[in-house]
Each structure stands twice: as C-alpha cells, then as structure tokens.
A.B. asks: 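I have a structure here, written as structure tokens, and I will follow up with some questions on it.
We count ligands from 1, going down the list as the structure has it; atoms in each ligand are counted the same way. Along the sequence shown, residues are numbered consecutively beginning with 1. Any value given below was found using the heavy atoms of this structure, including those in side chains, with hydrogens, waters and symmetry copies removed.
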Amino acid sequence: MYRDLKKILISKEEIDKRIKDLAAELDRDYQGKRPLMVAILKGSIMFYADLLRAMTIPLELDFMAISSYGNKTKSSGEVRMIKDLDRSIEGRHIIIVEDIVDSGYTLSYLKRMLYSRHPESVKICTLLDKFECREVPLEPDYKGFDIGNEFVVGYGLDYAEKYRNLPEIGILKEEVYENK
Ligand code: PRP
C-alpha cells in the first residue's frame, strides 16, 4: 500500500499525541455529563477507538453510517443514511466523531437531523479538517489537524475501500485515482 502514497502526511506518533490532548479536552468539557459518542462509519473507526480509550470519563457508544462519496474522490453533496442509532438521544449530550470534514454536507445534514430528536447538545469532533473545501458553513467543535486540499488515506480513511488499515495518514498519488 505504501507505494501508492506520495508521502506520509501525519505519523502515528503525531496522531497519538494529538488524540491524547483531544481526549483530555473532552474529559474536562464533559465531566459528569456521560456523553454519547457517535461514530460515523466507517472512516472514523480508528480515531474513535483510540480517542475513546484515551478518555477517562464515563461515556456511551453508538454508531451511524452515512454515505456521501461512493468510490469517487470528490463529494457529490448527496447524503444517504445507511444505519441509524440504536436508541433515543433525547436529553443526551452527543459527540459526533468523524475522520474528516470536507465539503461539510455530511456533518451539516447529520447535525440537523440529530437536533430534530431533541438532544441536550450536539458537538462535532473530527480528526481532520479540510477547511479550504467547505461548501456549506460548518465549524467542528474539536479537531485534530487542519489539512490542505489533498486526497488522504489511512488510519480509517479509504480510496475505494482500500488503505483503511494503514497506521498513518498519507497522501495518495494522483495516478492511483486518476482515470478511474
Ligand atoms: C467521509 C467522511 C465524512 C464525509 C465528509 O465519509 O467520513 O463522513 O466523507 O465529507 P463531506 O464533508 O464532504 O460531506 P465517506 O462517505 O467517504 O464514507 P466512509 O467514512 O465510510 O469512508
């Protein structure tokens, strides 16, 4: 898989260090609130597992699957719900855990949808923020790293379902996804 990468953008050590800081921030902000940590499948799974293990406050888990990309490298703006939460979120503090915010379509749709179920609060925690690519206004509440407009894979992020199991985040060579 490494031969398809132009370079490693963020090492495992850098990811681990940043996650520790984010976990400490969340521990502080959600003390006594027992937040419901919602993973958005599948890209967020590595970040989710590492972030939750680094947090020390009591919390709960749930999962959602939403799709906006298909196998393309650019968001279409279409958002599809594939799997919903298992339980009611009324009165709960929700933290949406994402791998990346790009155009912002997915998260703004999700936020709207979750707020209609009357939670106490909904915040977004993303590992990566491709803020240059935003097409709708959306500001993550917690974020790991700002990145430029490059196609990144690894640590949960894929291209056509590949590269998710790389331990670090790399930039994919253009030739891998061009003319596909
Ligand atoms: C990615 C990512 C976000 C979304 C962000 O998911 O996990 O959910 O795209 O893009 P946006 O800000 O342009 O809406 P993807 O649809 O690739 O699914 P995956 O997590 O299963 O890889």
Side-chain angles (χ1 to χ4, degrees), residues 1 4-6 8-10 12 15 18-19 22 26 35-52 61-86 89 94-117 119 122-174 176-178 180:
M1 293 187 286
D4 294 344
L5 299 184
K6 191 150 66 173
I8 302 284
L9 185 66
I10 311 172
K12 187 69 182 90
I15 295 171
R18 189 70 192 104
I19 286 179
L22 278 176
L26 289 167
L36 180 67
M37 310 290 296
V38 176
I40 311 302
L41 301 171
K42 303 172 215 165
S44 68
I45 56 157
M46 307 290 180
F47 176 46
Y48 187 71
D50 286 342
L51 180 70
L52 268 61
L61 285 66
D62 209 342
F63 301 87
M64 276 184 120
I66 297 278
S67 183
S68 60
Y69 275 30
N71 278 352
K72 288 175 285 188
T73 54
K74 182 111 179 49
S75 179
S76 59
E78 282 172 42
V79 177
R80 231 167 13 110
M81 157 102 72
I82 296 167
K83 186 218 168 289
D84 202 347
L85 297 171
D86 289 341
I89 57 167
I94 310 300
I95 304 175
I96 302 174
V97 182
E98 261 292 17
D99 51 337
I100 188 164
V101 182
D102 191 328
S103 68
Y105 281 116
T106 308
L107 269 302
S108 66
Y109 163 83
L110 258 179
K111 243 188 141 168
R112 239 188 354 263
M113 202 255 285
L114 293 180
Y115 263 123
S116 74
R117 300 177 183 184
V122 179
K123 302 277 185 197
I124 294 168
C125 178
T126 184
L127 179 65
L128 305 175
D129 187 4
K130 239 189 206 187
F131 60 95
E132 286 171 27
C133 300
R134 210 69 97 244
E135 289 175 29
V136 287
L138 195 282
E139 189 58 43
D141 302 282
Y142 301 89
K143 73 167 122 174
F145 302 91
D146 284 315
I147 62 167
N149 185 14
E150 293 193 275
F151 197 79
V152 287
V153 293
Y155 196 65
L157 291 110
D158 73 312
Y159 169 63
E161 297 303 324
K162 207 174 157 189
Y163 313 105
R164 291 196 198 270
N165 58 324
L166 279 173
E168 45 284 280
I169 293 168
I171 299 175
L172 199 59
K173 285 180 182 162
E174 282 87 2
V176 179
Y177 56 86
E178 270 167 8
K180 287 272 157 63

A.B. asks: Write down the atom of Glu161, the atom of Arg164, and the distance for their closest heavy-atom approach.
C.D. replies: OE1-NH2, 3.0 Å

A.B. asks: Please name the pair of heavy atoms, one in Ile169 and one in Gly154, separated by the smallest distance, quoted to 0.1 Å.
C.D. replies: CG1-O, 4.1 Å

A.B. asks: Quick one: does Ile100 get an N or O within less than 3.5 Å of an N or O on ligand 1?
C.D. replies: no

A.B. asks: Run Asp84 and Arg117 through salt bridge (charged side-chain N to carboxylate O under 4.0 Å, His left out) and show every step you take.
C.D. replies: CA-CA 12 Å; Asp84 202 347; Arg117 300 177 183 184; 2.8 Å; yes

A.B. asks: Do Gly43 and ligand 1 have an N or O pair less than 3.5 Å apart?
C.D. replies: yes

A.B. asks: Measuring from atom CD1 of Ile66 to atom CD1 of Ile40, what distance do you get when rounded to the nearest 0.5 angstrom?
C.D. replies: 6.0 Å

A.B. asks: Can an N or O of Glu98 be found at a distance shorter than 3.5 Å from an N or O of ligand 1?
C.D. replies: yes

A.B. asks: Hey, is Asp4 close enough to Lys162 for a salt bridge, meaning N to O under 4.0 Å?
C.D. replies: yes

A.B. asks: Within less than 4.0 angstrom of ligand 1, does Leu107 place any heavy atom?
C.D. replies: no

A.B. asks: Considering the heavy atoms of Leu41, write down every atom of ligand 1 situated less than 4.0 Å from one of them.
C.D. replies: 20 (O), 21 (O)

A.B. asks: Would you say Asp62 and Ile94 make side-chain contact, with heavy atoms under 4.5 Å?
C.D. replies: no

A.B. asks: Ignoring hydrogens, just give me the one of Thr106, Asp129, Leu157, Leu128 whose non-hydrogen atom is nearest atom 14 (O) of ligand 1.
C.D. replies: Thr106

A.B. asks: With a 4.0 Å cut-off on heavy atoms, is Arg164 in contact with ligand 1?
C.D. replies: yes

